[in-house]
Amino acid sequence: QVQVVESGGGLVQAGGSRRLSCAASGRTLSTYAMGWFRQAPGKEREFVAAISWTSLSIYYADSVKGRFTISRDNAKNTGYLQMNSLKPEDTAVYYCAADSIRGDDYITQKEQYHYWGQGTQVTVSS
């Protein structure tokens, strides 16, 4: 079984920054893609960013492009989401996901991820 745990959420002012971490443990997948999603109250969970095993392939939602940066450290089995220039509309519970994948590609569809963290709340005040 693979466990995924997010951390780093909290309250931040608009224009500020926050870095989320995602630690994978347990029966760690040999090679896996990682992704970040978020869910605001009353809304569906939406894609934020995704990264391949080697970090050579990365994809962002248009809403965060240029402000957020996804990265990973495979030696630590940890992924990161650096969030800059935060806006009140970025307020949500942020989820990390992981799953094995053939080849070096990313996964943007939430239905394709089997392993999810419990989520971490990010609140951006205006």
Between [X] and [Y], is any pair of side-chain heavy atoms under 4.5 Å apart?
| X | Y | result |
| --- | --- | --- |
| I101 | W53 | no |
| W116 | R45 | yes |
| D90 | R38 | yes |
| T31 | R102 | no |
| M83 | R67 | no |
| D73 | Y80 | yes |
| N77 | S25 | no |
| L11 | S125 | yes |

Measure from the ring center of Y115 to the ring center of Y32 and say whether it is less than 6.0 Å.
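So the answer is no for these two rings.
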Look at atom NZ of K43 and say whether more than 12 heavy atoms of other residues, nucleotides or ligands are closer to it than 6.0 Å.
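Result for NZ/K43: open.
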Count the heavy atoms belonging to other residues, nucleotides or ligands that lie under 6.0 Å from CD of Q13, then report whether that count exceeds 12.
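No, the 6.0 Å shell around CD holds no more than 12 heavy atoms from other groups.
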If you round to the nearest 0.5 Å, how far is [atom2] of [Y] from [atom1] of [X]?
| X | Y | atom1 | atom2 | answer |
| --- | --- | --- | --- | --- |
| L81 | Y94 | CG | OH | 7.5 Å |
| K110 | Q39 | NZ | CD | 8.5 Å |
| S52 | D105 | OG | CG | 7.0 Å |
| Y59 | I107 | OH | CD1 | 14.5 Å |
| W36 | F47 | CH2 | CZ | 12.5 Å |

Counting only N and O atoms by type, is there a donor-acceptor contact under 3.5 Å from the side chain of [X] to the main-chain atoms of [Y]?
| X | Y | answer |
| --- | --- | --- |
| R19 | G8 | no |
| T91 | V124 | yes |
| Q82 | T69 | no |

Which pair of non-hydrogen atoms, one from [X] and one from [Y], has the smallest distance, and what is that distance?
| X | Y | answer |
| --- | --- | --- |
| T108 | A50 | CG2-CB, 4.4 Å |
| S57 | D104 | OG-O, 3.7 Å |
| R72 | S55 | CG-OG, 3.3 Å |
| Y95 | Q118 | CE2-O, 3.5 Å |
| S126 | P88 | CB-CG, 3.8 Å |
| Y106 | I58 | CD2-N, 3.8 Å |

Parallel, tilted or perpendicular: ring planes of F37 versus Y113, cut at 30 and 60 degrees:
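Aromatic pair F37/Y113 classed perpendicular.
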